[in-house]
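Worksheet: one structure, shown below.
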Amino acid sequence: SNQQARLEGFFKPV
Amino acid sequence: MLEARLEQAQLLKKVVDAIKDLVQDCNFDCNDSGIALQAMDNSHVALVSMMLKAESFNPFRCDRNIAIGLNLVSLTKVLRAAQNEDILTLKAEDAPDSLNLTFESSDKDRISEYDLKLMDIDQEHLGIPDTDYSATISMPSAEFKRICTDLMAMSESVTIEAGKDGIKFACNGDIGNGSITLRTVQDVENKENNIEIALTEPVSLTFSLKYLVNFCKAQNLSKTVKLHISNEVPLLVEYAMEGGSYLRFYLAPKIGD
């Protein structure tokens, strides 16, 4: 089944 | 210092109402261009990005960067005292420990004044890259809410598929499956009913309906909503307001393992 990704996987902290 | 006057309190009331179940403690970052907020939910799956442009206020004055650390539950308690049509003024010093709010009835026979204690919030900021999305769908915000609510009754997740034939919202649940397909609508009489689909390549992504239903609390802010979708990146759900202000939600997808 599908796993919920987290935002940090796409957007980097600044 | 900050001094920002809104002709109608309902703008701020609606914005805070739309985000308060997603994020609790957050900074209103004020500078001469307006009031911005970026905050993630506790699970780091959804992100709120708000921009209230200086143009949405009259007048707006903020000569340096001021961070106003707010608990949105507390702010909601104060905003409940404002009528939708009240004139709302926000005031804060340069390094504030409180936010001053005044609500003036439109016929000026009542002025309410509140000071809200502020918090020191060390907020993590994420860099959101400019993205050319594969699909952008504009539709009535009420329609989007209905779709999300209807599908949530059946399933935890929705697969959004955009192709040349339209956009399909599909779900699979324990009791069965369901889908809603939308095609382009051009209503010249009433543009708010339009459904516009701009597509550079077909996309298909799965998202948690719980978050999408939460985003739909912003429905009152705008008659239309825009969905920006690309494979393998977070979905952007955007509610545009007058004066260039906006409320955006980003949602990380569910990815097959």
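Chain letters run A, B, ... following the sequence lines, proteins first and then strands; every chain starts at 1. None of the values given here were measured: they were computed from a predicted structure.
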(message) Looking at every non-hydrogen atom in both residues, tell me the closest pair between A:F11 and B:G127 and how far apart they are.
(response) CB-O, 3.5 Å
(message) If you compare all heavy atoms of A:L7 against all heavy atoms of B:P234, which two are closest, and at what distance to 0.1 Å?
(response) CD2-CG, 4.1 Å
(message) Just checking A:R6: does its CZ atom have more than 12 heavy atoms from other residues, nucleotides or ligands closer to it than 6.0 angstrom?
(response) yes
(message) How about NZ on B:K210, more than 12 heavy atoms from neighbouring residues, nucleotides or ligands closer than 6.0 Å, or not?
(response) no
(message) If we define contacts as heavy-atom pairs under 4.5 Å, which of B:I128, B:V233, B:T206, B:L251 has the most with chain A?
(response) B:I128
(message) Just verifying a value: how many Å separate B:L205 CG and A:N2 CG, rounded to the nearest 0.5 Å?
(response) 10.0 Å
(request) Of all the heavy-atom pairs spanning A:P13 and B:E124, show the shortest one and how long it is. (result) CG-OE2, 3.9 Å
(request) Look up atom CD in A:E8 and atom NE2 in B:H44, then write down how far apart they are to the nearest 0.5 Å. (result) 5.5 Å
(message) For the NZ atom on B:K168, are there more than 12 heavy atoms of other groups (residues, nucleotides or ligands in this structure) within a distance under 6.0 Å?
(response) no
(message) Taking side chain as everything from C-beta outward and backbone as N, CA, C, O, which of these in B:S43 sits under 4.5 Å from a heavy atom of chain A? Side chain, backbone, both or neither.
(response) backbone
(message) A quick test of your reading: do over 12 heavy atoms of other residues, nucleotides or ligands sit less than 6.0 Å from CG of B:D150?
(response) yes
(request) List the atom of B:A252, the atom of A:Q4, and the distance in Å for their closest heavy-atom pair. (result) O-NE2, 2.9 Å
(message) Looking at B:K13, I want to see if its NZ is surrounded by more than 12 non-hydrogen atoms of other residues, nucleotides or ligands under 6.0 Å.
(response) yes
(request) Measure across B:I255 and A:A5 and return the closest heavy-atom pair with its distance rounded to 0.1 Å. (result) CD1-CB, 4.0 Å
